[in-house]
Amino acid sequence: MNLHIHNTLTNKKDLFVPCSSAKSINMYVCGPTVYSEPHIGNARAALTGDLFYRVLKELFENVVYIRNLTDVDDKIIDQSSKTGIPISKLTEDVACIYQKNMLELNMLKPTHEPKVTDNINNIISTIEKILINKSAYISEKHVVFDTVAFENYGTLSKKIANDLIDGARIKPEAFKRNQKDFVLWKPSQNDKHGWDSPWGFGRPGWHIECTSMIKSIIGNNNTLDIHGGGNDLIFPHHENEIAQGSCCSSSKYCNYWFHNGIVLVNKKKMSKSLGNVILVSDIINRYDPSIIRLALMSTHYRQPLNWTDDTINNAKNIYEKISRTLNNTSQLDVTRDDNFLELLCDDINTPNAIQYLIKQAKLARDDIKVMSKLKYNCQLIGIVSNRNSIEINPNEKQIIENLIEKREMARKNKDFVQADSIRDQLTTLSVVLEDGPSGVTWKIKR
RNA sequence: GGCUAAGUGGCAGAGUGGUGAUGCAGCGGCCUGCAAAGCCGUCAACGCCGGUUCGAUUCCGACCUUAGCCUCCA
């Protein structure tokens with residue numbers, strides 16, 4: 001089976017061919033800068049990477065998936081000085097929440113989760129390679145990448161050098177030869193955090209860490225198969241990565257680039273200034289992780305996703321249908337379903353995949369073979385059925401069951417007035433009843 | 001201003017050169033003491049204007065609108 005990826009480099013859907021003929025492939029997805037709690041935008045980016053990883057694992061024997069944590073950045077310094085929380089505590093706390101949130105959302109653990117602070121030496125040696133290659137210069141204690149030295153600058157973002165200069169709303173910085181040049185290493189004041197380097201006490205610029213961590217894991221002269229991230233990273237971040245990565249190594253930097261669309265809230269980009277940021281930790285308390293995954297998958301990853309109440313309610317209904325079908329199938333063996341996998345191999349077309357699952361859920365009710373495929377498919381995209389997993393304390397459970405028993409008595413006696421009144425009472429406790437042919441079943445519906 | 005996406009029924013959202021998915025909501029029915037769930041049926045859309053074509057929502061061009069990027073951002 002062939003995987004097609006919409007490649008930002010070529011701007012079309014390309015057949016994925018691994019760069020080595022071996023069965024091993026590698027993928028890097030830009031993780032978060034750990035300065036504030038993860039929001040659903042972070043979750044969407046991680047989910048896109050997660051889905052690629054899950055599909056790749058179906059197709060290749062050995063998939064190396066790298067998702068970094070950026071714990072050195074000016075935003076972190078700002079946040080630390082604003083809140084008074086020391087940098088190391090801030091980054092450790094946020095990184096910890098991020099990892100916890102991602103696990104809760106049923107994201108597979110990446111093969112590597114490198115941190116910038118663990119890679120300062122690698123970063124310094126990458127910068128040295130770029131300097132040796134004469135693709136960077138030193139100016140006022142900064143090491144600056146010389147974009148003129150890299151003739152392919154702008155190929156990813158399809159930006160022409162002149163456009164960038166025209167749109168110069170960037171405040172000019174005297175130490176740069178060209179304003180589109182970017183910093184690889186910058187000086188730190190002694191009181192700020194930094195590291196000793198051949199260019200003095202300082203810290204890495206924004207873009208170099210990804211390149212350096214990738215190269216340290218896959219090998220400096222190897223090509224990355226796939227690189228992903230949010231589409232707001234295309235320029236300048238990924239453009240700059242390509243420039244650096246091409247000038248510190250003899251090989252092509254990366255073959256396939258995918259970019260997920262951003263999450264909009266009320267049709268606006270989430271931002272702190274608009275106050276419309278939705279944190280993962282908030283929604284995870286209110287909805288089953290599978291529902292959140294389905295909500296994020298309801299739109300194809302490349303499209304912008306407008307997050308509304310309907311988005312999550314829709315996902316809730318779909319999940320309800322599927323998990324109801326899969327109820328009591330914990331003993332059932334799973335069967336791989338190539339038809340489903342094929343939909344995902346078409347550039348991770350999750351809306352089509354979800355449509356397929358809904359249809360399959362209907363058919364599965366009276367076909368055990370279809371059921372075992374459905375189960376496989378749900379596991380594949382990380383939708384687990386854990387109906388009735390909502391914790392109820394034993395007292396509450398006893399009360400509910402007593403009421404149900406009382407109602408059953410009333411029904412047997414054809415006292416429907418009382419039966420209905422008890423049902424109303426249960427409704428206020430969020431209990432939903434279903435009078436099936438084999439008796440009453442109930443569940444908590446939040 | 002430049003660049004990149006996108007505009008589909010009440011809402012959300014795929015897809016396609018020729019009977020326009022799917023889910024929610026609505027409507028009708030079966031089932032039920034009544035519900036719930038399930039099942040069956042049903043209503044309803046392709047921004048605007050040209051062009052290509054036997055035929056376009058699908059291809060091409062202009063226009064309008066929206067979002068994002070060009071400055072930190074997943």
Side-chain angles (χ1 to χ4, degrees), chain A residues 6 8 11 29-33 35-36 38-49 67 70 73-75 78 98 154 157-160 162-171 179-180 206 228-237 239 259-264 267-272 277 294-295 297-322 324-325 343 346 349-359 362 365-366 410-412 414-417 419-420 423-424 427 432-437 440-443 445:
Chain A
H6 183 100
T8 311
N11 216 358
V29 175
C30 280
T33 300
Y35 71 108
S36 65
H39 53 249
I40 53 173
N42 295 304
R44 190 184 194 197
L47 177 64
T48 306
R67 190 184 65 200
T70 297
D73 190 90
D74 286 2
K75 286 195 297 295
D78 291 348
Y98 179 82
S157 57
K158 319 282 185 292
K159 287 187 187 302
I160 302 155
N162 290 337
D163 293 342
L164 295 171
I165 294 160
D166 287 346
R169 281 182 249 170
I170 319 151
K171 62 174 176 235
Q179 288 310 311
K180 61 185 183 332
W206 173 30
N231 73 179
D232 48 358
L233 294 179
I234 296 172
F235 188 89
H237 186 233
E239 195 67 64
H259 290 95
N260 63 274
I262 60 164
V263 177
L264 305 171
K267 304 212 169 176
K268 291 278 175 204
K269 183 169 179 175
M270 275 194 295
S271 74
K272 282 183 187 158
V277 175
L294 280 168
M297 283 190 269
S298 66
T299 301
H300 182 87
Y301 78 87
R302 296 183 57 230
Q303 304 295 343
L305 168 60
N306 188 31
W307 186 273
T308 64
D309 288 346
D310 286 339
T311 312
I312 197 84
N313 285 333
N314 238 323
K316 207 164 140 186
N317 290 327
I318 292 166
Y319 180 64
E320 180 66 24
K321 260 183 214 305
I322 294 172
R324 187 183 284 280
T325 305
L343 295 175
D346 179 21
N349 193 330
T350 49
N352 267 350
I354 291 171
Q355 170 199 346
Y356 182 94
L357 286 185
I358 295 165
K359 285 180 177 170
K362 279 192 181 187
R365 286 176 190 131
D366 26 55
R411 288 180 73 211
K412 266 184 197 144
K414 309 251 182 236
D415 182 357
F416 297 120
V417 175
D420 289 352
R423 185 166 61 196
D424 290 345
T427 305
V432 177
L433 297 181
E434 289 176 20
D435 301 331
V440 189
T441 56
W442 63 277
K443 63 180 172 159
K445 196 168 189 175

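Letters go in sequence order (proteins before strands), and every chain restarts at 1.
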Distance between the C1' atoms of U65(B) and G29(B), in whole angstroms?
-> 43 Å
Test applied, side chain to side chain donor-acceptor pair (under 3.5 Å); reference residue, Thr308(A); option that passes from Asn306(A), Thr311(A), Asp310(A) | Thr311(A)
Take atom CG of Asp309(A) and atom P of G23(B), then tell me their distance rounded to the nearest Å.
-> 22 Å
When you compare A5(B) with G9(B), how far apart are their P atoms, in angstrom units rounded to a whole number?
-> 23 Å
For Asp74(A) and U71(B), what is the distance between atoms CG and C1' respectively, to the nearest whole Å?
-> 14 Å
Quick one: look up who G61(B) pairs with, Watson-Crick or G-U, both distances under 3.5 Å, and put none if it's unpaired.
-> C49(B)
Applying salt bridge (charged side-chain N to carboxylate O under 4.0 Å, His left out), run through Asp420(A) and Arg423(A) and close with a yes or a no.
-> CA-CA 5 Å; Asp420(A) 289 352; Arg423(A) 185 166 61 196; 3.5 Å; yes
Have a look at Gly436(A) and say if it touches a base, only the backbone sugar-phosphate, or nothing, with a 4.0 Å heavy-atom cut-off.
-> nothing
Of the listed G33(B), C69(B), U22(B), the closest approach to the Phe235(A) side chain comes from C69(B)
From the options U22(B), A74(B), A14(B), select the nucleotide whose nearest atom is closest to the side chain of His300(A).
-> A14(B)
Separation of U8(B) C1' from Gln355(A) CD (nearest whole Å) = 15 Å
State whether Arg324(A) and Glu320(A) are salt-bridged, where the test is any N-O pair (Lys NZ or Arg NE/NH1/NH2 against Asp/Glu carboxylate O) under 4.0 Å.
-> yes
Contact class for His237(A) (heavy atom, under 4.0 Å): base, sugar-phosphate, or nothing?
-> nothing
Residue whose closest nucleotide on RNA chain B lies nearer the 5' end, Asn231(A) versus Tyr35(A) | Asn231(A)
Can you tell which of A74(B), C39(B), C24(B) lies closest to the side chain of Arg365(A)?
-> C39(B)
Scan Thr33(A) against the nucleic acid and name what it touches under 4.0 Å (heavy atoms): base, sugar-phosphate only, or nothing.
-> sugar-phosphate
Check every strand shown and say whether Val263(A) touches a base, only sugar-phosphate, or nothing at a heavy-atom separation below 4.0 Å.
-> base
Between C11(B) and U52(B), how far is it from one C1' atom to the other, in whole Å?
-> 36 Å
Rounded off to whole Å, could you give me the OH-to-P distance for the Tyr356(A) and G23(B) pair?
-> 16 Å
Contact class for Gly41(A) (heavy atom, under 4.0 Å): base, sugar-phosphate, or nothing?
-> base
Tell me what Leu233(A) touches on the nucleic acid: a base, only sugar-phosphate, or nothing, going by heavy atoms under 4.0 Å.
-> sugar-phosphate
What is the distance, rounded to the nearest whole Å, between atom CG of Asn306(A) and atom C1' of A5(B)?
-> 15 Å
May I ask you to verify whether the side chain of Asn314(A) and the base of G13(B) hold a donor-acceptor pair under 3.5 Å?
-> no
Nucleotide of G38(B), C24(B), G68(B) approaching Ile262(A) most closely (side-chain heavy atoms) | G68(B)
Scan Asp310(A) against the nucleic acid and name what it touches under 4.0 Å (heavy atoms): base, sugar-phosphate only, or nothing.
-> sugar-phosphate
In the strands shown, is G68(B) matched to any nucleotide by a Watson-Crick or G-U wobble pair with both distances under 3.5 Å, and which?
-> C3(B)
How is Pro304(A) classified with respect to the nucleic acid when contacts are heavy atoms under 4.0 Å: base, sugar-phosphate, or nothing?
-> nothing
Taking A14(B), C72(B), C69(B) as options, the one with an atom nearest any side-chain atom of Lys75(A) is C72(B)
Nearest to the side chain of Ile318(A) - G13(B), G68(B), G23(B)?
-> G23(B)
Any N or O donor-acceptor pair linking the side chain of Arg423(A) to the base of A35(B) at under 3.5 Å?
-> yes
Should Asn349(A) be listed as having a side-chain N or O under 4.0 Å from OP1 or OP2 of G15(B)?
-> yes
Watson-Crick or G-U wobble partner for G18(B), using a 3.5 Å limit on both distances?
-> C54(B)
So what's U32(B) paired with, Watson-Crick or G-U wobble, going by both distances under 3.5 Å?
-> none
Considering only the P atoms, how many Å lie between A12(B) and C46(B), rounded to the nearest integer?
-> 16 Å
Interatomic distance at C1', G68(B) relative to G28(B), whole Å | 45 Å
Choose from A14(B), U22(B), G38(B) the nucleotide whose nearest atom is closest to any side-chain atom of Lys359(A).
-> U22(B)
When you get a sec, tell me which of G68(B), A5(B), G13(B) is the closest nucleotide to the side chain of Gln303(A)?
-> A5(B)
Please say which of Thr48(A), Thr8(A), Asp232(A) ends up in a side chain to side chain donor-acceptor pair (under 3.5 Å) with His259(A).
-> Thr8(A)
Under 4.0 Å between a side-chain N or O of Ser298(A) and OP1 or OP2 of A12(B)?
-> no
Figure out the CD1/C1' separation between Ile234(A) and G2(B), and round it to whole Å.
-> 16 Å
Could you work out the separation of G50(B) and C63(B) based on their C1' atoms and round it to a whole Å?
-> 10 Å
Distance, P atom - from U53(B) to C64(B), rounded to whole angstrom = 28 Å
Taking the nucleotide of RNA chain B with the closest heavy atom to each, which residue, His6(A) or Gly261(A), is nearer the 5' end?
-> His6(A)
Give the nucleotide from the list C34(B), A14(B), A74(B) with an atom nearest to the side chain of Asn352(A).
-> A14(B)
Expressed in whole Å, how much space separates the P atoms belonging to A21(B) and G15(B)?
-> 14 Å
Does the base of C34(B) carry an N or O that pairs as donor and acceptor with the side chain of Asp435(A) under 3.5 Å?
-> yes
Should we say atom CG of Asp309(A) is surrounded by more than 12 heavy atoms from elsewhere, each under 6.0 Å from it?
-> no
Checking all strands, does Asn11(A) fall into the base, sugar-phosphate, or nothing category for heavy-atom contacts under 4.0 angstrom?
-> sugar-phosphate
At under 4.0 Å between heavy atoms, what does Lys362(A) touch on the DNA or RNA strands: base, sugar-phosphate, or nothing?
-> sugar-phosphate
When we call it a touch if two heavy atoms are under 4.0 Å apart, what does Leu264(A) touch: a base, just sugar-phosphate, or nothing?
-> sugar-phosphate
Within the modelled atom types, does a donor on one side and an acceptor on the other bring the side chain of Arg411(A) and the base of G33(B) under 3.5 Å apart?
-> yes
